[in-house]
Protein chains: 2
Amino acid sequence: MKQKSNVKERILDTASRLFYHQGFNSTGINQIIAEADIAIGSLYKHYQSKSDLLYHYLEQQETEYFANLDDYLKDEKQPLKKLLKLIDYRIKVQEESNCSGCHFIKVNAEIGRGDKKIEQFIVAHKERQRDYIKSLVDEISTVKSFSIEKKALQNSIFLMIEGAVVSASINGNTNDLKEVKKTINQFF
Amino acid sequence: MKQKSNVKERILDTASRLFYHQGFNSTGINQIIAEADIAIGSLYKHYQSKSDLLYHYLEQQETEYFANLDDYLKDEKQPLKKLLKLIDYRIKVQEESNCSGCHFIKVNAEIGRGDKKIEQFIVAHKERQRDYIKSLVDEISTVKSFSIEKKALQNSIFLMIEGAVVSASINGNTNDLKEVKKTINQFF
DNA sequence: GTCTATAAGGAGATAGAC
DNA sequence: GTCTATCTCCTTATAGAC
């Protein structure tokens with residue numbers, strides 16, 4: 001018996017899972033329709049092409065990322081604790097996904113800057129992640145001072161987290177993310 | 001007229017260029033033999049499979065990376081200047097390669113931790129890169145003191161560079177690598 | 001080393017019947 | 001929405017003749 005959930009959603013959810021865990025190029029249309037348990041006609045009714053499916057996958061990840069992050073941080077008011085909890089969120093997400101890394105970094109690595117629409121979407125997502133951290137550090141700066149320039153600190157924290165997420169996907173653990181959390185405490 | 005260079009070398013050089021710039025999965029055997037201008041029989045005489053070619057590609061990148069880095073730094077004796085010049089090296093390599101990122105991070109993103117041999121090779125390469133930075137900071141610590149713990153600083157610098165190289169491949173510029181260089185100066 | 005033929009399978013995508 | 005058939009093309013890899 002078929003699941004009752006919306007067919008269009010089931011296609012995207014299955015494609016997302018496969019794109020993330022085994023790669024976009026390594027995932028075929030036939031595997032998506034088999035695992036989503038839908039007909040190929042349904043796939044092409046809802047999505048124009050495999051690339052179109054990729055775009056909607058990134059779009060959904062973008063929305064989910066910030067919605068879940070906001071939810072995870074909503075009860076914390078202190079900006080420094082909020083920043084540390086942002087790292088906890090990244091640790092949690094990685095540990096729940098077999099440390100498969102960042103959706104956007106992975107797609108960038110696979111398709112490069114070939115597709116303008118995808119490229120711009122990835123750039124925009126990374127800018128938004130950077131701005132999120134920037135704002136938290138701005139808030140912290142109203143009550144604390146640091147040893148290095150604020151702008152340098154903001155970029156450093158963003159880049160360390162990026163590096164640590166990549167490290168998680170390479171090493172299969174969140175050790176570096178945990179180290180980043182400890183290090184940030186030393187900055188303030 | 002065929003080039004005079006060794007056929008085996010030409011296969012690997014062509015495969016390396018294509019794997020790096022358009023991805024492993026997006027590169028076909030037929031494209032490699034066409035661009036290397038060799039016969040398919042020659043390819044399978046020298047390499048067992050496409051995966052075998054991937055392994056030799058990473059092996060060559062590993063050797064080249066550290067050989068070229070040592071050469072780039074050989075005239076600099078001061079450890080802090082050496083560390084800053086290591087960043088210059090990464091900037092130079094990225095700018096010469098259309099900011100295509102790190103060979104190892106890209107392969108990891110494409111094939112994940114599926115192939116044990118490839119996986120271990122990537123992990124070992126990243127460990128060696130981390131140790132290289134660790135040693136330089138150890139040297140610096142004999143003449144300077146820093147505001148945060150040495151171990152945290154060593155990991156931070158490694159992770160910031162990793163993050164900045166990923167950023168280069170996403171944004172198509174080396175702005176973040178240049179920022180990392182400025183930030184390191186502030187740490188000491 | 002070169003060439004061509006071919007195997008055996010998978011890819012993305014379309015069309016038509018129900 | 002389902003199903004099956006089909007199109008076109010490409011994939012990795014092997015074999016044999018020169």
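Lettering of chains follows the sequences in order, A, B, ..., and the numbering in each one begins at 1. These figures come from a predicted structure and were not determined experimentally.
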A:Ile40 side chain: which of C:dG1, D:dT14, C:dA15 is closest? C:dA15
Are A:Leu58 and A:Val166 grouped together when hydrophobic residues (ILVMFWY) are joined by side-chain heavy atoms under 4.5 angstrom apart? yes
Connected via hydrophobic side-chain network under 4.5 Å: B:Leu177 and A:Ile157: yes
Would you mind reading off the distance between [X] atom [atom1] and [N] atom [atom2], rounded to a whole angstrom?
| X | N | atom1 | atom2 | result |
| --- | --- | --- | --- | --- |
| A:Leu43 | C:dA13 | CG | P | 9 Å |
| A:Ile32 | C:dA13 | CD1 | P | 10 Å |
| A:Gln31 | C:dG10 | CD | C1' | 12 Å |
| A:Ile33 | D:dT2 | CD1 | C1' | 12 Å |
| A:Leu54 | C:dA13 | CG | P | 12 Å |

As an exercise, state the distance from NZ of A:Lys126 to CD1 of B:Ile170, rounded to the nearest 0.5 Å. 5.5 Å
Using only heavy-atom distances, determine whether the side chains of B:Gln22 and B:Thr27 contain a donor-acceptor pair under 3.5 Å. yes
Test of ring centre spacing under 6.0 Å for A:Tyr65 and A:Tyr89: yes
Verify the ring-centre separation between B:Tyr57 and B:His103: is it less than 6.0 angstrom? yes
For the residue pair A:Phe187 and B:Phe187, categorise the inter-ring angle as parallel (less than 30°), tilted (30 to 60°) or perpendicular (more than 60°). parallel
Ring geometry between B:Phe146 and B:Phe188 (parallel below 30°, tilted from 30 to 60°, perpendicular above 60°): perpendicular
Any residue meeting ring pair (Phe, Tyr, Trp, His ring centres under 6.0 Å) with B:His46, in chain and number order, not counting sequence neighbours: none
I need the residues from [range] with at least one non-hydrogen atom less than 4.0 Å from DNA chain C; give them sorted by number, or say none.
| range | result |
| --- | --- |
| residues 11-22 of chain A | none |
| residues 23-30 of chain B | none |
| residues 44-53 of chain A | A:Tyr44, A:Ser49, A:Lys50 |

Checking A:Glu110 now: which residues fulfil side-chain hydrogen bond (donor to acceptor under 3.5 Å, both in side chains) with it, not counting sequence neighbours? A:Asn25
Under the salt bridge (Lys or Arg N to Asp or Glu O under 4.0 Å) test, residues paired with A:Asp88 that sit two or more places apart: A:Lys181
